[in-house]
Amino acid sequence: KNMLGQGAPESVVNARPALKIQAASTWGNSIVSYDKQQFAKGVKLLLEDFDTLKDNKAYLYDAVTAFEQVLSNAAQDLHQQMAETFEAKDQERFDSYSKAFLSIIDRMESVTSASEYYLLGRWVEQAKALAKNTDDFSKRLYEFNTKALITTWGSFATSEISKLRDYSNRQWSGLIGDFYKPRWEKWIATQQEVLDGKEGVEIPYFAWEWNWVRSNQTYPTSPSSV
C-alpha cells in the first residue's frame with residue numbers, strides 16, 4: 001500500500017522547477033522504491049517485439065507506458081545531478097546535465113505521442129466536443145477548464161494559495177513539450193545566470209501558466225507513426 005502520498009510516484013518533469021522536488025503535486029510523492037535498472041532491463045525485454053506487435057493497441061499502450069517511465073526515472077536522476085552541480089557552482093557540468101535533462105523531456109514527448117491515450121489533444125478536443133451545440137463562451141470555457149484541471153486547477157487562489165497546481169498532472173504528449181519543457185527551460189536559464197555571477201530573478205510561473213491555460217493552441221489528436 002502506498003503511504004507516501006496520493007497515487008503513484010510523480011515525475012519531476014511535471015513539477016514546477018526547483019532544486020529540491022518532493023513531488024509534482026502538493027500531496028504527492030516522487031519516491032521510486034523499486035530498482036530502476038532492473039525495471040529498465042524488463043522494459044528492454046518488452047520492447048524486443050515492438051516491430052512485430054506495435055500495431056496492437058494494447059501492446060503499444062503498455063510499451064509507451066513502460067518506456068515513458070524509464071525516461072521519467074532517468075529525468076529524476078538527471079535532476080538530482082543538476083541540483084548537485086548547481087550547489088557546487090560547477091557551471092560546465094550543470095550545463096551538461098541540464099541539456100541531457102531537456103533531451104530526456106524531448107524523448108518523453110516523442111514516446112507519448114505514439115499512443116492516442118497519451119495525447120493532450122485528445123483530452124482537449126473531447127471536452128470541446130461536449131460544448132459543440134452551445135454558444136462560443138461555453139465552448140471557450142470548456143476548453144479553458146480542461147487545460148486548467150491538469151495544470152493550475154483554476155485561478156491564482158486555487159493554484160498559489162490552496163496550492164492545487166499540478167494536482168492532476170499528466171505525462172501527455174503536448175503537455176510535456178508545450179507546458180512542462182518551457183517551464184523547465186525558464187528555470188534552467190535562470191540558474192545559468194546565477195552561475196554566471198548575475199542576480200537571479202524570480203520567475204512569474206503562475207502568469208505564464210495562466211496564459212497557457214487561456215490560449216487556444218491546438219494539439220494533435222492522432223498518434224504519431226512509430
Side-chain angles (χ1 to χ4, degrees), residues 1-34 36 65 68-84 86-87 97-98 101-102 104-105 108-109 112 117-120 123-124 127 141-191 194 200-215 219:
K1 186 176 181 181
N2 178 13
M3 300 299 291
L4 300 172
Q6 294 187 13
E10 299 171 339
S11 176
V12 296
V13 170
N14 297 19
R16 189 179 278 184
L19 286 173
K20 295 181 179 180
I21 293 176
Q22 300 297 323
S25 65
T26 304
W27 294 275
N29 79 92
S30 60
I31 299 173
V32 176
S33 56
Y34 53 82
K36 294 178 183 178
T65 301
E68 185 282 326
Q69 186 61 52
V70 170
L71 294 171
S72 180
N73 291 346
Q76 185 180 63
D77 295 338
L78 283 167
H79 172 261
Q80 181 63 33
Q81 292 165 322
M82 286 165 60
E84 291 174 356
F86 176 82
E87 291 173 343
Y97 286 131
S98 63
F101 182 79
L102 293 176
I104 286 288
I105 294 179
M108 292 168 73
E109 168 74 9
T112 52
Y117 302 106
Y118 280 90
L119 300 180
L120 172 63
W123 166 259
V124 173
L141 184 62
Y142 271 60
E143 182 177 2
F144 164 83
N145 282 334
T146 197
K147 294 174 72 178
L149 282 172
I150 55 176
T151 53
T152 64
W153 197 259
S155 62
F156 183 87
T158 52
S159 175
E160 308 304 301
I161 299 175
S162 298
K163 298 189 182 303
L164 288 170
R165 62 179 179 270
D166 296 316
Y167 176 69
S168 185
N169 64 91
R170 294 286 190 271
Q171 288 284 281
W172 286 345
S173 178
L175 186 63
I176 295 172
D178 198 42
F179 185 80
Y180 296 140
K181 183 185 179 184
R183 197 162 65 170
W184 275 104
E185 287 176 324
K186 292 177 183 296
W187 181 82
I188 288 171
T190 296
Q191 307 315 302
V194 172
V201 297
E202 184 175 350
I203 301 172
Y205 284 117
F206 178 77
W208 180 83
E209 293 162 354
W210 186 245
N211 285 334
W212 184 89
V213 169
R214 299 185 344 178
S215 70
Y219 300 92

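- You'll find the side chain of Tyr118 stays beyond 4.5 Å of the side chain of Ser173, heavy atoms only.
- Remark: the backbone N or O of Arg183 is not paired with any side-chain donor or acceptor of Trp208 at under 3.5 angstrom.
- Checking side-chain atoms of Ser30 against main-chain N and O of Gln22 turns up a donor-acceptor pair under 3.5 Å.
- By the 4.5 Å heavy-atom criterion applied to side chains, Val213 and Phe179 are not counted as neighbours.
- Taking the side chain as every heavy atom from C-beta outward, Ile188 and Met82 approach each other to under 4.5 Å.
- The two residues Thr146 and Glu143 have their closest heavy-atom pair at CG2-O, 3.1 Å.
- At a threshold of 4.5 Å between non-hydrogen side-chain atoms, the residues Thr152 and Phe206 count as touching.
- At distances below 3.5 Å, not a single donor-acceptor pair connects side-chain atoms of Glu10 with backbone N or O atoms of Gly28.
- For Tyr97 (side chain) and Gln80 (main-chain N/O), no donor-acceptor pair under 3.5 Å exists by modelled atom type.
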- Are Leu175 and Tyr219 close enough, and set up right, to give a side-chain contact (heavy atoms from CB on, under 4.5 Å), and what steps lead you there? CA-CA 9 Å; Leu175 186 63; Tyr219 300 92; over 6 Å; no
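- You'll find the side chain of Leu78 reaches within 4.5 Å of the side chain of Gln81, heavy atoms only.
- In this structure a side-chain-to-backbone donor-acceptor pair under 3.5 Å is present from Thr26 to Lys163.
- A donor-acceptor pair is defined here as one N or O able to donate and one able to accept, closer than 3.5 Å; such a pair exists between the side chain of Thr158 and the backbone of Ser155.
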- Item | Test side-chain contact (heavy atoms from CB on, under 4.5 Å) applied to Asp178 and Trp212, step by step | CA-CA 9 Å; Asp178 198 42; Trp212 184 89; 3.0 Å; yes
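- Residues Asn29 and Pro9 form a side-chain contact, since some pair of their non-hydrogen atoms from C-beta on lies under 4.5 Å apart.
- How far NZ of Lys147 is from CG of Leu120: 7.0 Å, rounded to the nearest 0.5 Å.
- Nearest approach of Trp172 to Thr112, heavy atoms of both residues: C-OG1, 4.0 Å.
- Between Trp210 and Phe144, the two ring planes are perpendicular [angle over 60°; tilted spans 30° to 60°].
- To the nearest 0.5 Å, the span separating CD on Glu109 from CD on Gln171 amounts to 10.5 Å.
- Annotation: side chain of Trp187 is in contact with side chain of Leu19 (closest heavy-atom distance under 4.5 Å).
- Counting only distance, with no hydrogens or angles, the side chain of Lys186 and the backbone of Pro17 share no donor-acceptor pair below 3.5 Å.
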- Under the side-chain contact (heavy atoms from CB on, under 4.5 Å) criterion, do Leu164 and Trp27 qualify, and how do the steps go? CA-CA 9 Å; Leu164 288 170; Trp27 294 275; 3.4 Å; yes
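- Between atom CG of residue Asn145 and atom CG of residue Leu149 there is a gap of 6.0 Å, rounded to the nearest 0.5 Å.
- Here the side chain of Ser159 pairs no donor or acceptor atom with the backbone of Phe156 at under 3.5 angstrom.
- In this structure, Trp184 and His79 have perpendicular ring planes: the angle between them is above 60°, well past the 30° mark.
- A side-chain donor-acceptor contact under 3.5 Å links Asn73 and Gln69.
- Between Trp123 and Ile150, the closest side-chain pair of non-hydrogen atoms falls below 4.5 Å.
- Of the options Asp166, Asn169, Thr151, a side-chain hydrogen bond (donor to acceptor under 3.5 Å, both in side chains) to Asn14 is made by Asn169 and by none of the others.
- Here Arg16 pairs with Glu160 in a salt bridge; the nearest charged N to carboxylate O distance falls below 4.0 Å.
- Under the side-chain hydrogen bond (donor to acceptor under 3.5 Å, both in side chains) criterion, Ser11 pairs with Ser72, sequence neighbours left out.
- Across all non-hydrogen atoms, the minimal contact from Ser168 to Trp153 is CB-CZ3, 3.7 Å.
- Of all heavy-atom pairs between Val201 and Thr190, the closest is O-CG2, 3.6 Å.
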